[in-house]
Amino acid sequence: MEVGNNEILQAIRELNDNMNRKFKQVDAKFEQIDERFEQIDRRFEQIDRRFEQIENRLDNIEHRLGSVEKNTSFLYTEVGKNSLKIKQLSGQAEQ
């Protein structure tokens, strides 16, 4: 059984059409993957922004704690001074 040129050309066209369909399917899959990676990138950007917000809040809290420590230290110093004054005054009152 001999195959003519027309049959060979037809088979080549069908193979070419099938390959083109497969390439389009693969291309569509790559586009889906690209879109998914873009979504993931956007999510990571959101997470990065959230971490920056948290870091800023922690810095603010740390600063406020530093102020509280300074104020507490100052208050203890003042209480100590006042305590000494009271002892001195009560000692003078006894005399």
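Values below: all heavy atoms of this structure, side chains included; hydrogens, waters and symmetry mates excluded.
In terms of modelled atom types and a separation under 3.5 Å, the side chain of Thr72 and the main chain of Val68 share a donor-acceptor contact. No donor-acceptor distance shorter than 3.5 angstrom exists from the side chain of Ser73 to the backbone of Glu69, with no hydrogens or angles considered.
Atom CG of Asp59 sits in a crowded spot, with more than 12 heavy atoms from other residues, nucleotides or ligands closer than 6.0 Å.
Shown here are the side-chain hydrogen bond (donor to acceptor under 3.5 Å, both in side chains) partners of Asn60, two or more places apart in sequence or in another chain: there are none. Annotation: side-chain hydrogen bond (donor to acceptor under 3.5 Å, both in side chains) contacts of Gln46 (sequence neighbours excluded): Arg43.
A salt bridge links Lys81 and Glu78; the closest N-O separation between the charged side-chain nitrogens and carboxylate oxygens is under 4.0 Å.
Here the side chains of Leu58 and Glu62 are not in contact, with every heavy-atom distance at 4.5 Å or above. Considering only heavy atoms from C-beta on, Gln10 comes within 4.5 Å of Glu14 through its side chain.
For the atom pair CZ of Phe23 and CG of Asn20, the computed distance is 7.5 Å after rounding to the nearest 0.5 Å. Between atom NZ of residue Lys70 and atom CG of residue Leu75 there is a gap of 14.0 Å, rounded to the nearest 0.5 Å. Taking CG from Asn5 and CD1 from Ile12, the interatomic distance works out to 9.5 Å, rounded to the nearest 0.5 Å. Atom CD of Gln53 and atom CZ of Arg57 lie 8.0 Å apart (nearest 0.5 Å). Summarising the geometry, atom CD belonging to Glu52 is positioned 12.5 Å from atom CD1 belonging to Ile47; distances are rounded to the nearest 0.5 Å.
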